[in-house]
J.: 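One structure, pasted below without further comment.
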Number of protein chains: 4
Amino acid sequence: MLSVHAVQDPIKHQAILNASIEVFAESGFGGADVQVIADRADVGKGTVYRYFGNKKDLFLATADAGMRRLEASILEAIEDVDDPVDLIRLSAKAYASFFQRNPKFAEILILERAEFRGSIPDTHLVYRAKNRGILEEVIKRGVRDGLFRKVIVREATSAFANLLYGTVVTGCMEGESRRLESTVEYAIDIFLQGILRNQKGEAPR
Amino acid sequence: MLSVHAVQDPIKHQAILNASIEVFAESGFGGADVQVIADRADVGKGTVYRYFGNKKDLFLATADAGMRRLEASILEAIEDVDDPVDLIRLSAKAYASFFQRNPKFAEILILERAEFRGSIPDTHLVYRAKNRGILEEVIKRGVRDGLFRKVIVREATSAFANLLYGTVVTGCMEGESRRLESTVEYAIDIFLQGILRNQKGEAPR
Amino acid sequence: MLSVHAVQDPIKHQAILNASIEVFAESGFGGADVQVIADRADVGKGTVYRYFGNKKDLFLATADAGMRRLEASILEAIEDVDDPVDLIRLSAKAYASFFQRNPKFAEILILERAEFRGSIPDTHLVYRAKNRGILEEVIKRGVRDGLFRKVIVREATSAFANLLYGTVVTGCMEGESRRLESTVEYAIDIFLQGILRNQKGEAPR
Amino acid sequence: MLSVHAVQDPIKHQAILNASIEVFAESGFGGADVQVIADRADVGKGTVYRYFGNKKDLFLATADAGMRRLEASILEAIEDVDDPVDLIRLSAKAYASFFQRNPKFAEILILERAEFRGSIPDTHLVYRAKNRGILEEVIKRGVRDGLFRKVIVREATSAFANLLYGTVVTGCMEGESRRLESTVEYAIDIFLQGILRNQKGEAPR
DNA sequence: CATGAATGAGCCTTCATTCAT
DNA sequence: TATGAATGAAGGCTCATTCAT
């Protein structure tokens with residue numbers, strides 16, 4: 001668990017996390033001032049430190065919270081879905097939709113990568129590893145069923161994840177996040193055409 | 001031009017840039033100490049400011065230099081190449097190869113995105129826009145020649161760029177940059193299968 | 001009385017004082033954390049403030065308690081003793097023995113001198129003044145009886161007190177408190193030889 | 001050497017040390033504000049850190065400087081002196097005179113003992129060890145010459161040092177330092193009478 | 001031009017103290 | 001009465017930037 005500091009008041013805990021997302025996303029890690037976070041969360045600066053220990057752990061907890069929400073969003077979107085193509089398409093769509101609705105989290109995502117590259121159990125990587133397993137199963141099944149080509153599952157999974165990640169990181173700049181969902185959809189169409197055994201039609205969409 | 005400051009000594013100018021790449025890549029933007037950069041470049045701290053104005057501009061110039069080298073690498077790789085598929089494949093390979101050989105630049109790339117998201121004419125975006133034009137021409141020609149499906153050129157280009165970008169950013173962590181080239185190759189195979197009119201074979205590679 | 005705050009529970013009061021000795025002796029006044037004292041005393045932080053008002057007063061009360069114990073130790077040791085030489089020797093021995101058994105108090109002693117030099121009715125000085133009177137009487141008597149030289153009583157008393165104080169403060173470092181008693185004994189032998197009218201023997205001890 | 005930080009300007013170096021003596025003596029270690037020291041030295045706060053690294057090292061350097069001056073004072077006073085009794089008397093007098101003229105240093109002395117008890121190569125102890133050797137030689141010679149009793153040299157030296165230390169620490173409070181010299185003189189008379197083979201007269205002074 | 005000593009704004013973090021429960 | 005969560009003033013330290021030499 002990231003938060004070894006006991007949580008006394010879940011309301012305050014959440015208020016601080018919400019303020020953190022805002023401030024870190026706006027100012028970056030180095031540029032963020034813990035005092036500003038405290039002010040926006042309407043708590044004393046000491047309280048921020050009581051709950052999260054230090055600036056770095058606060059940031060990591062913020063990223064962690066974002067990843068949890070993302071994961072929940074995706075899992076909810078693919079609940080009861082069984083078809084591999086639908087699974088891929090819907091999870092990608094949920095991924096894009098999440099960051100389109102929460103562009104601040106895309107900033108957190110990139111900041112974590114930039115500030116703590118590998119030096120620390122990268123929250124995003126932890127979640128990626130976990131969800132990657134699910135995706136690999138889906139692709140493996142698609143290949144087994146003759147739906148997909150005999151792709152190298154691990155490589156195809158990486159391509160999928162990197163495509164989504166690159167699109168979000170690139171697309172969430174300058175408030176361009178509005179088109180994120182459709183950009184991802186088109187990219188995933190190409191990806192699917194790339195691994196499907198029988199091409200479905202002329203051109204995507 | 002980014003460096004409005006007159007360059008007196010190209011040797012020193014380059015030494016500072018080289019030191020910058022190292023230090024920024026190692027420590028991030030906020031964590032980098034201009035004194036350390038000056039020391040590694042074997043010049044006085046004042047000289048760094050003489051040549052680059054301030055820390056931010058130094059960073060931007062560093063990123064700019066990286067982009068120039070990347071661009072040169074790619075252009076060299078596709079010189080005299082005419083076939084759209086080859087053009088796509090070889091430019092992707094050159095892109096991956098560059099970051100595999102210069103993983104520090106991948107850090108610079110991500111730092112620029114993280115620290116200066118949109119607030120500043122993003123060097124990377126400038127180059128991307130420029131090279132995107134070239135790529136769009138290639139895809140447009142592939143479509144016209146019946147080699148590719150009737151994809152939406154702009155979307156396909158984005159997918160290609162985001163796929164490369166995501167792979168590099170993700171792949172250059174933890175010293176995993178070794179496999180970067182092959183990961184990109186596989187991903188581009190899927191991408192190509194995704195836009196080719198006639199699938200070339202069973203599975204990529 | 002130092003503690004104007006009414007004492008509700010003598011057990012807690014004492015527990016806090018005991019914890020204070022430990023923590024102040026270990027960490028100094030500035031370095032001590034009231035929370036740590038509360039934890040060691042097994043009471044809430046608020047209770048510490050209830051009983052002692054503030055950190056400074058807590059420290060002063062701690063020093064006060066030490067002085068009381070020291071005084072009791074010495075008075076007990078010289079009870080029923082009448083000979084001036086024995087009185088001097090035994091009180092010095094009791095002084096040394098007390099700090100050898102309670103080296104933490106030597107730290108408190110030095111901290112009080114260091115942190116509150118004169119700004120505050122120095123507990124140690126209060127006790128010193130009181131006990132100094134007793135000692136002056138003893139020396140005055142020794143002089144009157146022809147046992148001691150015609151020393152200036154006030155100066156001799158000061159020399160005695162400063163000798164003891166200096167030895168304890170110097171000797172309680174580095175866990176060297178073990179030899180404290182014998183060091184004081186030897187020093188007092190020299191002191192006694194210095195004020196005795198007729199030297200008793202060749203060399204002390 | 002304590003000061004690993006290169007000294008660029010001896011004037012500033014000294015100005016900071018002078019300000020340090022004042023501020024530490026007035027406010028204690030924890031109570032001292034480096035900004036105040038910088039202000040009194042008429043330099044920027046950063047300059048203080050440039051020259052002394054951190055607050056603790058600044059304090060230690062301050063104590064070190066005091067010890068050097070004390071040592072120089074004493075050595076100057078006993079230059080060309082040969083008689084053991086004179087050596088003892090004059091060095092004690094110089095010791096007292098130094099602290100009477102520089103009562104702030106007495107505060108530094110006690111602060112060092114209080115804050116850094118043994119945790120750090122105590123500057124005072126280092127000097128004491130060095131000068132103790134000289135004193136031991138003097139007493140040894142006095143004993144050999146039949147001038148002093150057959151005292152245990154080490155114990156007598158400790159008694160002497162502790163007597164001086166205790167007197168200074170006790171006597172420099174509340175601006176009582178005026179009487180320091182005479183108090184020490186009287187105490188040393190008793191000490192000398194205590195170790196002399198043949199008592200010189202009735203009573204000291 | 002080049003330098004690096006000097007500066008001080010800025011920010012993280014601690015902890016004495018308070019007060020609602 | 002006892003508690004300990006909350007607070008924010010205070011201060012150590014860093015480092016981008018400047019400017020006298």
Side-chain angles (χ1 to χ4, degrees), chain A residues 5-9 12 27 30-39 41-56 58, chain B residues 5-9 12 27 29-39 42-59, chain C residues 6-9 12 27 29-39 42-59, chain D residues 5-9 12 27 30-39 41-58:
Chain A
H5 295 259
V7 174
Q8 285 89 23
D9 185 342
K12 275 190 178 127
S27 315
D33 184 340
V34 175
Q35 182 64 66
V36 173
I37 293 173
D39 291 348
D42 212 46
V43 298
K45 201 198 279 203
T47 304
V48 175
Y49 281 89
R50 265 183 81 54
Y51 278 73
F52 296 95
N54 59 45
K55 194 185 181 183
K56 181 177 174 179
L58 171 59
Chain B
H5 297 258
V7 174
Q8 285 84 26
D9 184 342
K12 274 184 182 154
S27 315
F29 180 76
D33 185 336
V34 175
Q35 182 65 65
V36 173
I37 292 173
D39 290 347
D42 215 45
V43 300
K45 204 197 250 193
T47 304
V48 175
Y49 280 86
R50 248 183 127 27
Y51 277 71
F52 295 94
N54 59 43
K55 194 184 181 184
K56 182 177 174 180
D57 285 352
L58 171 59
F59 177 80
Chain C
V7 173
Q8 287 83 26
D9 184 342
K12 272 185 184 155
S27 314
F29 180 76
D33 184 338
V34 175
Q35 182 66 65
V36 173
I37 292 173
D39 289 348
D42 216 44
V43 299
K45 205 196 249 191
T47 304
V48 175
Y49 279 86
R50 250 183 123 30
Y51 278 71
F52 295 94
N54 60 42
K55 193 183 180 183
K56 182 178 175 180
D57 286 351
L58 170 59
F59 177 80
Chain D
H5 293 260
V7 174
Q8 284 90 21
D9 185 341
K12 274 191 179 127
S27 315
D33 182 340
V34 175
Q35 182 64 64
V36 173
I37 293 174
D39 290 347
D42 213 45
V43 298
K45 199 198 281 202
T47 304
V48 175
Y49 281 91
R50 263 183 81 56
Y51 277 74
F52 296 95
N54 59 45
K55 195 184 181 185
K56 182 177 174 179
D57 285 352
L58 171 59

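Remember, predicted model here, so these are calculated numbers, not experimental data.
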J.: Could you state the atom-to-atom distance from CG of Asp39(D) to C1' of dG11(F) in whole Å?
T.: 13 Å

J.: Can you tell me how far apart CZ (Arg50(B)) and CD (Gln8(B)) are? Round to the nearest 0.5 Å.
T.: 5.5 Å

J.: Can you check the Lys12(A) NZ to dA5(F) P distance for me, whole Å?
T.: 11 Å

J.: For Phe59(B), check ring-ring contact (aromatic ring centres under 6.0 Å, His included) against everything at least two apart and list the hits.
T.: Phe24(B), Phe29(B), Phe116(B)

J.: How close or far is atom C1' of dG12(F) from atom CD1 of Ile37(D), stated in whole angstroms?
T.: 12 Å

J.: Could you pull out all residues at least two apart from Asp42(C) that satisfy side-chain contact (heavy atoms from CB on, under 4.5 Å)?
T.: none

J.: Which of the following nucleotides, dT3(F), dG4(E), dT3(E), is nearest to the side chain of Val43(C)?
T.: dT3(F)

J.: When every nucleotide of nucleotides 13-21 of chain E is labelled 5' to 3' by its protein contacts under 4.0 Å (heavy atoms), B for base, S for sugar-phosphate only, - for none, what sequence of letters results?
T.: BBSBBB---

J.: Do the non-hydrogen side-chain atoms of Val43(D) and Tyr51(D) ever get within less than 4.5 Å of each other?
T.: no

J.: Going by heavy atoms in the side chains, are Tyr49(A) and Leu58(A) under 4.5 Å from each other?
T.: no

J.: Which atoms form the tightest heavy-atom contact between Ser27(D) and Ala32(D), and what is the distance?
T.: CB-N, 3.8 Å

J.: I'd like to check the side chain to side chain donor-acceptor pair (under 3.5 Å) partners of Asp39(A); sequence neighbours left out, ordered by chain and number.
T.: Gln35(A)

J.: Reading DNA chain F 5' to 3', what string of ( ), [ ], | and . shows its pairs, if Watson-Crick and G-U wobble pairs count only when both distances fall under 3.5 Å?
T.: .||||||||||||||||||||

J.: Rounding to a whole Å, what distance do you find between Gln8(C):CD and dT3(F):C1'?
T.: 14 Å

J.: Rounded to whole angstroms, how far apart are CG on Asp42(B) and P on dA2(E)?
T.: 14 Å

J.: Could you state the atom-to-atom distance from OH of Tyr51(A) to P of dC12(E) in whole Å?
T.: 20 Å

J.: Going by side-chain contact (heavy atoms from CB on, under 4.5 Å), name the residues that satisfy it together with Val36(B), two or more places apart in sequence or in a different chain.
T.: Val23(B), Asp33(B), Arg40(B)

